[in-house]
Protein chains: 4
Amino acid sequence: MNGAAPVRVAAVGCGYWGPNVIRNLSETPGFDLRWICDADPARLGSVAARYPAARATTRIDDVFEDSDVEALYLATPVSTHYDLTRRALNLRKHVLVEKPLATTIEQAEELAELAAAKRLTLLVGHTFVFSPPVRTVKALIDSGMLGPIYYVETTRVNLGLFQKDVSVLWDLGPHDLSILMYWLGEVPVHVSARGRSYLGEALEDVAFLTLEFPSGILAQLQISWLAPTKLRRTSIVGRQKMIVYDDLEPVEKVKIFDRGVDHQPASFGEFQLTYRSGDILSPRVDTTEPLKLECEHFLDCIRTGRTPDASPQSAVDVVRVIHAAERSLRCGGAPQRVYEPDVAMERTS
Amino acid sequence: MNGAAPVRVAAVGCGYWGPNVIRNLSETPGFDLRWICDADPARLGSVAARYPAARATTRIDDVFEDSDVEALYLATPVSTHYDLTRRALNLRKHVLVEKPLATTIEQAEELAELAAAKRLTLLVGHTFVFSPPVRTVKALIDSGMLGPIYYVETTRVNLGLFQKDVSVLWDLGPHDLSILMYWLGEVPVHVSARGRSYLGEALEDVAFLTLEFPSGILAQLQISWLAPTKLRRTSIVGRQKMIVYDDLEPVEKVKIFDRGVDHQPASFGEFQLTYRSGDILSPRVDTTEPLKLECEHFLDCIRTGRTPDASPQSAVDVVRVIHAAERSLRCGGAPQRVYEPDVAMERTS
Amino acid sequence: MNGAAPVRVAAVGCGYWGPNVIRNLSETPGFDLRWICDADPARLGSVAARYPAARATTRIDDVFEDSDVEALYLATPVSTHYDLTRRALNLRKHVLVEKPLATTIEQAEELAELAAAKRLTLLVGHTFVFSPPVRTVKALIDSGMLGPIYYVETTRVNLGLFQKDVSVLWDLGPHDLSILMYWLGEVPVHVSARGRSYLGEALEDVAFLTLEFPSGILAQLQISWLAPTKLRRTSIVGRQKMIVYDDLEPVEKVKIFDRGVDHQPASFGEFQLTYRSGDILSPRVDTTEPLKLECEHFLDCIRTGRTPDASPQSAVDVVRVIHAAERSLRCGGAPQRVYEPDVAMERTS
Amino acid sequence: MNGAAPVRVAAVGCGYWGPNVIRNLSETPGFDLRWICDADPARLGSVAARYPAARATTRIDDVFEDSDVEALYLATPVSTHYDLTRRALNLRKHVLVEKPLATTIEQAEELAELAAAKRLTLLVGHTFVFSPPVRTVKALIDSGMLGPIYYVETTRVNLGLFQKDVSVLWDLGPHDLSILMYWLGEVPVHVSARGRSYLGEALEDVAFLTLEFPSGILAQLQISWLAPTKLRRTSIVGRQKMIVYDDLEPVEKVKIFDRGVDHQPASFGEFQLTYRSGDILSPRVDTTEPLKLECEHFLDCIRTGRTPDASPQSAVDVVRVIHAAERSLRCGGAPQRVYEPDVAMERTS
């Protein structure tokens with residue numbers, strides 16, 4: 001930022017979410033927004049009008065062919081992620097692509113390997129990993145203050161905001177999966193999932209997932225497009241302390257409950273359980289927009305070459321877990337391994 | 001109440017919950033509380049002092065041998081339910097026994113059959129079935145206003161209040177299971193369960209259950225003794241309307257969300273989904289104590305011979321579901337049938 | 001909208017609030033945003049960049065001298081409202097000016113009379129009058145369903161967001177006063193006020209007001225910049241029903257409590273009071289941005305010549321009440337008349 | 001407790017509130033409950049049946065004439081407080097009397113002086129002074145952590161629970177007044193009050209009070225029997241920290257907001273205000289029943305002769321403030337002095 005030349009970036013995709021990221025890219029000092037691209041001229045026009053300094057195009061090849069462009073932001077339909085990301089990486093352009101990275105494990109892995117081989121930044125838009133309350137919870141977990149973590153329970157439901165082309169598992173699932181793996185530093189071993197396609201034909205609109213992590217931590221996820229009220233609530237239950245993270249709370253998004261359970265030796269060798277009911281602390285949480293932090297992190301990774309927090313490998317793992325969940329859904333909820341046994345050992349060692 | 005002689009009742013067990021029911025029995029006009037019994041003299045004394053008109057004893061045989069006693073209330077440890085209930089029924093005494101009815105399916109079924117054969121009232125203390133908000137939800141479901149029900153999700157968690165002799169599945173599970181079967185009028189076909197024994201050795205203190213009902217309704221239950229905050233929240237999601245029942249809300253315990261999803265035929269044969277966001281109604285809910293209604297219902301069943309709302313058969317089904325959940329827990333969450341296929345057909349036909 | 005030529009409008013003032021209104025003006029189809037003006041070049045630049053079709057200037061005379069400009073939006077410091085509004089009206093330009101209309105009663109009245117004399121639209125930015133939940137409450141009151149209204153209580157507090165040049169009375173007071181007069185269709189007769197200047201020298205940062213309306217309705221207002229949590233909560237208590245309007249509730253902003261008190265004649269001519277506890281209804285509230293509705297209303301008034309809902313006269317009355325409150329503050333809380341007795345009669349008849 | 005003979009106590013009055021206190025007196029080890037008295041035989045019977053060891057009577061003279069009785073608890077109608085308390089004190093019996101101590105200032109003062117002269121304990125049932133969250137707030141204030149206190153705002157409203165014989169000022173007012181004087185250690189100098197008698201003839205059912213304390217602290221009270229929802233919420237706003245005490249919160253009754261306003265000297269001698277937004281702490285609050293603590297305090301004062309926390313003098317001050325508020329109500333809200341100027345000086349010095 002200190003005098004370095006700005007990174008020339010192009011934004012592709014002006015749909016629901018894209019404009020928010022484009023606004024942040026344009027406001028991040030180290031970026032120089034060169035192109036805005038969308039196949040739909042009307043949609044392109046309405047967004048591009050706000051950034052007169054950038055060039056607008058409906059032809060993505062304009063972007064790819066501009067050798068000045070060093071980095072791409074992709075907010076295109078999920079089905080295009082693999083092709084466009086691969087093409088960009090092969091043209092030696094850094095990529096920030098919306099989640100999920102790809103729809104198959106093989107494609108996701110190929111992209112992760114390609115980025116590594118080319119030493120390019122590949123950041124997947126798991127935006128919650130950059131959200132200040134999620135970061136605050138991460139710091140609290142890492143501090144060890146919770147004691148051993150017993151389980152995590154999370155609810156992410158609302159009414160509507162359907163996606164037509166993917167299930168709720170692919171739409172809302174990546175949020176909680178990327179958060180959980182970021183917090184725990186682990187990839188689940190087993191996943192079981194139940195769900196239903198009430199509205200569409202084959203795409204689940206409601207799903208319940210149970211994840212088992214190598215450390216023994218259990219996580220339960222509820223994701224739904226069909227709920228009476230919007231809820232974004234996660235409990236992390238540790239032996240010493242417990243945390244509630246509620247993203248809809250205007251101020252007290254994170255609460256630390258100083259309660260727990262002690263094992264105390266009783267007189268005759270038997271264990272006695274005592275409950276501690278204590279203070280509740282809601283730490284001050286930074287209110288910076290997560291997208292701003294994501295864009296700054298993208299810039300920082302491009303400049304320093306460091307691996308992003310929402311790394312290609314973690315994006316691959318998200319895709320793996322979703323595939324395992326889909327297999328479990330297809331066989332009535334039976335638990336499925338995320339990695340083949342030999343790979344799992346490698347991943348979790 | 002209408003001039004009929006009062007029913008002579010004896011109360012056995014003065015522990016945590018018993019005194020609440022005893023108080024209600026003593027205040028129900030049609031009952032005449034004759035005995036209070038507890039093996040522990042100190043516990044007996046402190047409770048019996050409040051009911052000078054009843055006789056106190058530490059010997060349960062005093063109660064059984066008193067041929068004047070027509071009905072028994074049993075709030076004794078779970079392990080004694082089968083023996084004491086069977087003995088009482090064989091002595092031709094009506095029984096109100098705390099949940100669960102028994103610990104094995106065979107014993108539960110034997111008691112249900114015995115009560116039927118002797119034409120005696122056997123009411124199991126699934127108290128929530130008598131709770132006014134649960135009744136209000138039942139009436140709303142039965143009215144058909146929700147449209148087809150998609151799924152139910154329920155959370156019943158708190159910190160502490162452990163039982164030493166049973167798992168959270170046996171302690172908190174019967175509440176949600178009896179409520180669900182009462183609401184839906186169905187017994188689940190399959191159950192899958194995950195859980196953990198974090199504090200004790202073999203008794204789960206946290207469990208997640210998924211139930212599948214014959215009609216296709218999915219239910220997800222979270223029960224835990226290890227949670228940062230007490231929660232008692234159930235969502236019932238129907239196609240036309242949705243209900244949230246939160247037992248901890250002081251006033252608005254039941255809320256009806258006039259939102260739903262319509263399938264509308266779009267112009268070219270494709271389905272179009274539209275979301276209706278509408279009014280929210282919190283109906284007035286009666287505030288009568290559930291135990292009072294339970295005691296009055298017990299009296300009414302004794303006098304009229306009608307089958308109780310918390311019927312012996314539904315109590316057997318609760319035990320069956322818990323056993324299926326335990327089997328699922330033992331094999332890593334694989335779904336288990338509640339009834340053998342041939343029996344299931346009979347039960348759900 | 002129906003083929004009529006768009007109204008050419010200029011926006012003056014790009015501070016805290018102005019940009020929101022400018023965005024809405026620019027998006028209202030019937031307006032043609034011609035000028036953006038701010039004396040501070042930096043502030044002007046950052047806002048004007050988003051509207052390349054409008055001309056930017058730091059000289060307000062450019063705006064006044066442009067005879068094409070038919071209407072002005074003024075978001076300038078309070079102390080300039082009178083001068084700029086008068087000048088615009090004298091140049092036969094319609095005006096939307098931020099609240100308060102002026103700082104003295106005489107100036108406010110002069111502007112109201114000038115607008116009337118010139119048959120120009122003068123709309124004061126009492127934005128809450130255009131807010132959907134406030135409109136919903138207005139419709140509920142007008143329907144008569146509340147029965148006679150007993151009293152209104154309102155709390156509008158937060159921490160910070162101080163204004164340096166005016167007291168909390170002038171900053172937050174106009175919101176509640178304009179809402180109350182809009183709802184009740186009355187101007188208060190008496191005002192008493194207590195307050196304190198804890199932080200500054202002479203400008204109150206906390207104030208409590210009591211208003212008495214001609215109908216006998218009592219209203220209590222709490223306004224503060226020094227509160228632990230942000231609150232925006234109003235209760236309207238009627239004999240038949242009561243309403244709670246909480247602007248911070250994400251969904252249930254308006255709740256109607258079907259409770260009230262009945263006077264029932266008891267047996268010996270004495271009145272018996274009975275309380276009805278009933279349903280609670282949260283009606284669906286439109287989520288359109290109030291500023292959008294305000295801009296559309298401004299356009300509609302310009303085109304049709306109708307008197308705005310936030311009329312010049314109501315804006316004068318807001319200024320009158322604040323002056324009466326300040327007099328009460330200066331004499332220790334003694335109630336003050338809003339109008340001289342003879343004028344009051346005229347206003348409230 | 002330490003071997004001392006129990007204090008022989010009699011309870012007079014078995015209406016709405018009395019039974020709660022009687023239960024606690026009977027469970028406090030150092031008391032020996034000798035008599036239960038109520039003029040209404042039915043009411044007496046239903047309460048007395050629970051305490052077979054105490055004698056029941058409808059004649060209060062039985063109690064007064066029993067020289068064994070050392071202490072009296074009076075839960076009789078407000079109009080009888082003066083006569084019965086005076087008679088008891090003259091018979092050298094300690095008294096715990098429900099609030100308000102008396103209806104006139106003269107009578108209240110006479111009783112306070114009589115108790116002092118006879119060296120008897122006179123405890124007035126300002127129960128909230130013994131409530132753990134109120135005590136927690138007191139400790140926080142006394143610690144100085146709030147910095148200078150700016151103002152206090154309190155809301156105590158609900159629907160119904162009318163008293164027929166007193167106004168809301170006499171019914172709910174003593175709670176907030178006793179709490180405020182306990183917290184601040186001051187008696188208000190001025191009171192202004194507005195209110196209405198919507199339902200009855202002359203008894204206010206809604207009142208708004210403003211109190212000014214000698215230190216300059218302002219307090220605003222809202223008390224009402226006519227509100228859509230029950231609220232018990234107090235904010236204490238200090239320069240360093242702020243507290244919200246919400247008695248209806250099940251767990252987080254007290255919250256400390258680590259936010260405040262700093263006066264920082266800016267570069268050119270002008271004051272600059274900065275807002276600190278910080279952590280929120282909800283300290284663990286003891287859950288002991290306030291009445292239990294009140295009874296134990298009564299016993300302790302009897303045995304040690306120490307002045308009660310809810311002292312006769314503070315009870316007199318509560319009566320004084322209510323009288324000043326009533327004077328203000330009668331003259332349209334004009335502020336009234338609580339003490340005559342010379343007395344005030346003495347009280348607050």
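The chains referred to below are lettered A, B, ... by the order of the sequence lines, with proteins before strands, and numbering in each begins at 1.
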Cut-off 4.5 Å, heavy atoms of chain C, and the answer for Tyr151(D) is both
Nearest 0.5 Å please: distance from the CZ atom of Arg239(C) over to the CG atom of Leu226(D). 11.0 Å
Which of residues 243-256 of chain C have a heavy atom under 4.5 Å from any heavy atom of chain D? Ile243(C), Val244(C)
Counting heavy-atom pairs under 4.5 Å to chain D, which of Val237(C), Leu218(C), Thr210(C) comes out on top? Leu218(C)
Determine the option with the most heavy-atom pairs under 4.5 angstrom with chain D, choosing from Val157(C), Val206(C), Ile236(C). Val206(C)
May I ask you to list the residues in residues 322-333 of chain D that approach chain C closer than 4.5 angstrom, counting heavy atoms only, ordered by number? Gly332(D), Gly333(D)
Provide the closest heavy-atom pair for Tyr198(D) versus Gly216(C) in the form atom of the first, atom of the second, distance. OH-O, 4.5 Å
Is any side-chain heavy atom of Tyr150(D) less than 4.5 Å from a side-chain heavy atom of Leu199(C)? yes
Just wondering, do Gln222(D) and Gln220(C) contact through their side chains at under 4.5 Å, heavy atoms? no
Side-chain heavy atoms of Leu231(C) within contact of Arg233(D), under 4.5 Å: yes
To the nearest 0.5 Å, how far apart are CD in Glu153(D) and OG1 in Thr155(C)? 6.0 Å
Looking at side-chain heavy atoms only, is the closest gap between Leu211(C) and Arg194(D) below 4.5 Å? no
